[in-house]
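Below: the structure, in structure tokens.
So you know, we letter chains A, B, ... as the sequences are listed, proteins then strands, and number each from 1. Only heavy atoms go into these numbers, but all of them, side chains included; no hydrogens, no water, no symmetry mates. The shown structure was predicted, so the numbers you read here are calculated from the model rather than taken from an experiment.
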Amino acid sequence: MHIVLTAVPAGVLLTTIPDASSGGGSAPHATTTIPRAALAAEVARLERDRPRWVWGDTSAWYPELLAAGVRVERCVDLRLCHTILRGSQFTADSVLARSARGPWDSALVEPRESRVRDEDTLFTFGDELSEDVTAEPSNERANTSQNADPVTEFVSQRAAVAGAAEPGRIGLLLAAESAGALIASEMKCGGLPWHAGVHEGLLESLLGPRPAPGVRPARMEALLEQMRLALDQRDVNPDSPNELLRALGRAGIHATSTRSWELKEITHPVIAPLLEYKKLARLASANGWSWLESWVVDGRFRPDYVPGGAATGRWGASGGGALQLPKQIRAAVVADPGWKLVVADAAQLEPRILAALSADRRMAEAGRGDLYEGIVASGAVATRAEAKIAMLGAMYGATTGESGRLMPALTRAFPQAIAMVESAARAGERGEKVSTRLGRSSQVPGQAWRDIQGAAYGEGATESDTRRARGQARAWGRFTRNFIVQGTAAEWALSWMAGVRNELWKLSPGAFTERPHLVFFLHDEIIVHTPAHLADSVVKIVRESAAGAGRLLFGALPVDFPVTAVVVDNYGQAK
DNA sequence: ATGCATCGCGCG
DNA sequence: AAAGCGCGCGATGCAT
């Protein structure tokens, strides 16, 4: 049973739609209207029948339910599902995908419209998108909720899934994406436990005492003095790349940029203090005292997680750089007294995904234990380090350097897996879409991309036109090559996390934040905050759910998805 | 003052 | 000029 929530002037309209409904979107549905203030209690009451809640946007409905202590088991997030169905090759013939852009095509799917500016922009969006974007640059999200009837949209989505090339897979993807939306709201509600005192202690030991606003921390000031001596210049501003480059030049160091990896290659007494300064400057500005004040409230870090935020289906986040927490400060993530953190990550996830996606049995075999050791044992490469670099090259499309050099050997050892990514790359170079295992498809390149390709074959095309077009085509090919792997890994991770969520809920009674619950997710890694006595059970759940996710996506295919899981008091103790 | 692009670097 | 994938954010510096 589905219950659709619609915001109406009188409050909330609840529309019940039975599962058995065979097509026919015109069949009458049972409806009731309640005041908004009564919503949480009504949802809690109806939740006993385990309906699937259908709403336009989880982030608009669910936080108020959670705040009222109401957790729901499952939902359909129409906005996220619409985005998938609209782009998927599996549902390309559906009415939903073929109709004109509407209110469900939210601003979220074209967040980088402003980047559409000049001819060498790679990641512009498809024709129909960019047209509408330029035609109506105002915020479309604002009128979305008013114009769109969720019941109509839900019926349209069900029809699209029913008529899909792979209804089982696309249905699974929609369920996983929606579960992810629930988890994103729940993670924000629960919050990542953050110990301000530990964080301040780390800052103080690395940077020195907290300085007045606008003043350099003592440790950075001392390093700057060393740099002045090494350069024999009084006036050095390491915070401006331009000025720093000029100062280095005056001292005879002719770098092309001030990137750390380039500076590391240079032998000069200024380099060591400079690199250390840059490291500390980064810490101070990105995760220093002001970060702590802005983002940690009542011992919790609560960023906004953005399901489907990346083109590949990975999550994004906004606020506090949630997905970039430097390892330097992870020790400040501390479990509450009597609680533990279970930190779990999927080992070598992306290469395993590639093995499963391509059904490459030899690569699956290599992944019985440590995948990279297995690749060494297969004879393809000599060392574990080489195996890692070679696999990265295969998934990212490296053509040069050590990675590119190892590719032929890898191709000989695992022809089926490599053929899969090569084929995705070729499709991208032709400007075609590619799809993940469950049916999330890549966007097609924008008009600027096509113009450049066209120009390379038109009359009077110069050699530079051709070279540019080829370079651009290959760049898009690297994107689509990686898309199928990264995107399928994201689907696996969603399934994993959804399984973990379901099982955690069964472990103990009580309010959401009194039970073991997910507090962090980072592409292939999760953190569960749990009462200490349940930690071992959580570890078991995390492992079993990983195996379950593998079966869900790939059936009986013999690809392992091992998880490294540790029970710790703080995040710094993991890895 | 405010907006925007660029650099650089954190994460997977 | 060419480029191994996907992100978010802060500082700087130029443009409006």
Side-chain angles (χ1 to χ4, degrees), chain A residues 111-112 114-115 117-118 120-123 214 237-245 255-263 275 277-288 290-291 294-295 303-306 308-330 345-350 353-354 388-407 421 424-425 428 434 442 464 467-468 470-487 489-490 493 520-526 571 575:
Chain A
R112 280 167 297 285
S114 60
R115 281 198 205 160
R117 62 186 198 287
D118 63 15
D120 62 26
T121 297
L122 272 178
F123 296 88
N237 178 8
D239 300 321
S240 163
N242 254 333
E243 290 183 38
L244 178 59
L245 208 54
T256 61
S257 79
T258 64
R259 295 187 190 101
S260 292
W261 64 261
E262 188 179 343
L263 297 176
L275 290 174
Y277 179 95
K278 285 166 78 78
K279 187 87 180 162
L280 292 180
R282 166 79 191 186
L283 173 66
S285 77
N287 296 100
S290 58
W291 180 92
S294 309
W295 296 109
D304 279 312
Y305 297 94
V306 187
T312 55
R314 273 189 175 181
W315 282 19
S318 72
L323 304 186
Q324 312 148 246
L325 288 180
K327 295 191 172 173
Q328 268 172 319
I329 59 161
R330 291 187 177 182
D345 84 79
Q348 304 139 359
L349 179 59
E350 291 197 354
I353 289 290
L354 175 55
K388 198 168 175 175
I389 286 168
M391 280 307 305
L392 283 177
M395 294 183 299
Y396 293 164
T399 54
T400 61
E402 191 182 4
S403 194
R405 211 168 55 242
L406 293 166
M407 285 300 297
V421 284
V434 296
S442 61
S464 111
R467 199 168 47 238
R468 196 155 75 117
R470 194 178 301 137
Q472 182 195 248
R474 288 198 180 134
W476 197 266
R478 285 193 298 278
F479 165 63
T480 52
R481 168 197 294 266
N482 185 250
F483 182 96
I484 61 169
V485 179
Q486 188 184 116
F520 196 59
F521 171 48
L522 189 53
H523 310 313
D524 60 359
E525 179 176 345
I526 57 176
Y571 191 15
K575 281 210 246 190

Look at [X] and [N] and indicate whether a side-chain polar atom (N or O) is within less than 4.0 Å of OP1 or OP2.
X        : N     : answer
A:Arg478 : C:dG4 : no
A:Thr312 : C:dG6 : no
A:Arg467 : C:dA2 : yes

Given [options], which nucleotide is nearest the side-chain atoms of [X]?
X        : options               : result
A:Ala398 : C:dG4, B:dG8, C:dT12  : C:dG4
A:Gln324 : B:dG12, C:dC7, B:dG10 : B:dG10
A:Thr258 : B:dG8, C:dG6, B:dG12  : B:dG8
A:Tyr396 : B:dC11, C:dG6, C:dC5  : C:dC5
A:Ser318 : C:dG6, C:dA3, C:dC9   : C:dC9

Considering every strand and a 4.0 Å limit on heavy-atom distances, what is the contact class for [X]: base, sugar-phosphate, or nothing?
X        : answer
A:Gly321 : sugar-phosphate
A:Gly401 : nothing
A:Ala317 : sugar-phosphate

Say you draw a straight line from CG of A:Leu244 to CG of A:Asp239; how long is it, rounded to the nearest 0.5 Å?
9.0 Å

Quick test of your reading: applying salt bridge (charged side-chain N to carboxylate O under 4.0 Å, His left out), list the pairs with at least one residue in residues 313-326 of chain A, sequence neighbours left out, ordered by first then second residue.
A:Arg314-A:Glu350

Pairs flagged by salt bridge (charged side-chain N to carboxylate O under 4.0 Å, His left out) wherever residues 475-485 of chain A is involved - sequence neighbours left out
A:Glu422-A:Arg481

Stems with DNA chain C, 3 or more Watson-Crick or G-U pairs in a row (under 3.5 Å), are B:1-12 with C:5-16

Which whole number of Å gives the distance between the P atom of B:dA5 and that of C:dA3?
25 Å

Using the salt bridge (Lys or Arg N to Asp or Glu O under 4.0 Å) criterion, which residues pair with A:Arg405? Sequence neighbours excluded.
none

Within the structure provided, determine whether A:Lys279 and A:Arg282 are in side-chain contact (heavy-atom separation under 4.5 Å).
no

Check whether any side-chain N or O of A:Thr312 sits under 3.5 Å from a backbone N or O of A:Phe483 as a donor-acceptor pair, and report yes or no.
no

With a 4.0 Å heavy-atom cut-off, tell me which residues in residues 277-285 of chain A come close to DNA chain B, sorted by residue number.
A:Lys278, A:Lys279, A:Arg282

Measure distances between side-chain N and O atoms of A:Ser403 and base N and O atoms of C:dG4, and say whether any donor-acceptor pair falls under 3.5 Å.
yes

For nucleotides 13-16 of chain C, list the nitrogen or oxygen atoms of the protein found under 3.5 Å from its nitrogen or oxygen atoms, one pair per line.
unit_1: C:dG13; atom_1: OP1; unit_2: A:Ser240; atom_2: OG; d: 2.5

